[in-house]
Amino acid sequence: MGVADYRRRVLLIASVSSFLVYLDVTVVNIAFPEIEGAFPGTSRESLIWILSAYNITFAALLLPAGRLADRLGRKRVFLAGLGGFVGASMLCALAPSAGLLIAARVLQALGGAALVPAAQGLILGVYEGAERTRAISLWVAAAAVAAALGPPLGGVLVDLGSWRWVFAINLPLGLLAYAAGRRVLRESREVTEGPLPDPLGVGMIAAAVGLLTLAIVQGGEWGWASPAVLGAFAGAFLLGPLVVARCRRHPVPAIDLSLFASPVFSIANAASVLIGVAFYGQLFAAVLFLTGAWGYGPLQAGLALVPAPVMAAAAAALAGRGATPRTLVPLALLGAGLFAAGALWLRWRLGLEPAYLTEMLPGTILVGIGGGLAVSLLAALAAQVLPEARYAVGSAVNSATRQIGAALGVAGVVAALGTPGPAGIIDAFQGVWLLIAAAALAAVALAATVLTRSRELEPLP
C-alpha cells in the first residue's frame, strides 16, 4: 500500500468512526418524545439524563483519553474506544428500561471520548503541511455534519421504525470501521518511555470538566440558582486551579501545559468555544422553532434542516482543499462572519406564518456554509502548532472546547427562550438568534487577533 493510499484510508476510518460519535450528540434529541412514551413510569427529569449523561461523560473524558492515547498507542485506544462505542450502542438499542438506557449511554460516551482524540492523533501522524490542514478540515467537518444531521436523520429513523433505530444505525458502520481499523491502521505513540500520566490528575480533570458541563446542561432544568447547579459550578472552578498546580508539579502531568505556550493554540481553542456556542445553539434553536412556532412534525422538521449539513460539508471540503497555514485564519473569519449573517437573517425574517423557502432556507444556507468553514478551520489552526508527541491530547483540547461550547449554546438557548406563549414566541426567538449571532461575531473578533501572529504558526517544540 502506497503512502498516499494509506493516508486516505486512515482519514476515512477516522472520519466515519468520529461521525458516529458526534451523530449521537444530537440524533437522540428528536427521538426523545418517543423514548419518553416508551417508559411512561419514568419522570421527564430522569429521562433527560439519556441526553445529559452522554454529553457530560464525553466532554469530561476527552482530555484524559487524549493523553492516554499519546502514551499507550493511538491505534490501541482508537480500537478500544470504537469497540466500546459499538457495543454500548447495541445495549442502548436493546435497553428494556430507562435506567439501563442511561447506563448504556454513559458507556457509549466513554467509548466515544477514547475514540475521538485518538482518531485525530492518527490523522495528524500521517499528514503534513497543507495536506494536514485539508485532512483535519475534512475530519472536523465530518463531526460537525454529523451533529447537524442528527435531528433530520433521527426524524427519519423514528418515522420509519422506532427510537431504537437511532442507536442501531451505529452497528453496521461501526463494525465495518472496526474491521478496517484493525487491518489498516499502524500504531503510533509518544516516543517517551516511563510511567503513564498522573492518574489523580486525570481524575481531577474529568471531574472538573464533568462538573462544569453538568452545571451548564442542567442549569435550565434544575434552576441556575439551585444548590446543585451552584455547587457544580463551584466544584469546577475550585478544581481548575488545583489541576493547573498539579500539572505544573507532576513529572508526568495529565495535561501538558506547555501546549498553551502557543498563543495561536490558546486563541484557536477559545474561538472554538464561541463557535461551538453558535453552531450547536443554532441547531437546537432551529429544531425548537420549526416544531414549536411552525408546528412541524419530527420528520418534516428534520428534512427542513438537511440543507445546513450539506452546505457545511461542501464548504469544509472546499476550504480544506484550498486552505494553507497562512489562509486558515482569513477563511475561518469568513466562515464565522457568514454564520453571524445567517443568524441575523433568521432574526429579521422569520415570522409566525411558515415560509420555509423565503425565510428559513436562506439563513440555513448561510449558517451551514459559515459553520462548515469556521468549525473545521479553527480546529485545523489549533492542530497546526501541535508537536508530534502531543497530537492526541492537543486534539482532545479542541474537541473538549467545542463540547463545552455546545453545552453553553444549548443552555443559552433554553435560558433566552424561556417559556413564551403563542403571542410572544417570535419575540423570544428573535432574542435567541441575536445571542447566536453575538457568539459568532465574538469568535470573529477573537480569531482576528491571530492575524498579527503569523510568525507563531510553527509547531511547538
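Numbers here simply count residues along the sequence, with the first being 1. Only this structure's heavy atoms are used, side chains among them; waters, hydrogens and symmetry mates stay out. Treat the numbers as computed from the prediction; the structure is a model and nothing was measured.
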Can you list every pair that meets ring pair (Phe, Tyr, Trp, His ring centres under 6.0 Å) and has a residue in residues 134-164, with sequence neighbours left out? F39-W163
Return each pair, listed once, that meets side-chain hydrogen bond (donor to acceptor under 3.5 Å, both in side chains) where at least one residue sits in residues 224-239; pairs must be two or more places apart or across chains. none
Under 3.5 Å, side chain of Y6 to main-chain N/O of R186, donor-acceptor pair present? yes
Could you pull out every donor-acceptor pair under 3.5 Å between side chains of residues 75-86 and any protein atom, sequence neighbours left out?
{"residue": "K75", "atom": "NZ", "partner": "R182", "partner atom": "O", "Å": "3.3"}
{"residue": "K75", "atom": "NZ", "partner": "L185", "partner atom": "O", "Å": "2.9"}

Could you check whether any side-chain heavy atom of L257 comes within less than 4.5 Å of a side-chain heavy atom of R248, counting everything from C-beta outward? yes
A416 meets the side-chain contact (heavy atoms from CB on, under 4.5 Å) criterion, sequence neighbours left out, with V432, L435
V310: partners by side-chain contact (heavy atoms from CB on, under 4.5 Å), with sequence neighbours left out: V306
Of all residues at least two apart in sequence or in a different chain, which pass the side-chain contact (heavy atoms from CB on, under 4.5 Å) check with V287? P151, L305
Listing, residues 373-381 side-chain donor-acceptor contacts under 3.5 Å, not counting sequence neighbours, or none:
{"residue": "S376", "atom": "OG", "partner": "G372", "partner atom": "O", "Å": "2.6"}
{"residue": "S376", "atom": "OG", "partner": "L373", "partner atom": "O", "Å": "3.4"}

Which residues pass the salt bridge (charged side-chain N to carboxylate O under 4.0 Å, His left out) test with D159, not counting sequence neighbours? none
Quick one: ring pair (Phe, Tyr, Trp, His ring centres under 6.0 Å) partners of F289, sequence neighbours excluded? W294, F429
N/O donor-acceptor pair under 3.5 Å between R7 side chain and V126 backbone: yes
Just list the side-chain donor-acceptor pairs under 3.5 Å for residues 92-106, sequence neighbours left out, or say none.
{"residue": "S97", "atom": "OG", "partner": "L100", "partner atom": "N", "Å": "3.3"}
{"residue": "R105", "atom": "NE", "partner": "I50", "partner atom": "O", "Å": "2.8"}
{"residue": "R105", "atom": "NH1", "partner": "D24", "partner atom": "O", "Å": "3.4"}
{"residue": "R105", "atom": "NH1", "partner": "Q108", "partner atom": "OE1", "Å": "3.0"}
{"residue": "R105", "atom": "NH2", "partner": "D24", "partner atom": "O", "Å": "3.3"}
{"residue": "R105", "atom": "NH2", "partner": "I50", "partner atom": "O", "Å": "3.4"}

Closer than 3.5 angstrom, by distance alone: can the side chain of T401 be matched with the main-chain N or O of N398 as a donor-acceptor pair? yes
Holding to side-chain hydrogen bond (donor to acceptor under 3.5 Å, both in side chains), I want the full list of residues that pass it with R246, two or more places apart in sequence or in another chain. D198
Indicate every side-chain donor-acceptor pair of residues 364-371 with a distance under 3.5 Å to a residue at least two apart or in another chain.
{"residue": "T364", "atom": "OG1", "partner": "M360", "partner atom": "O", "Å": "2.9"}

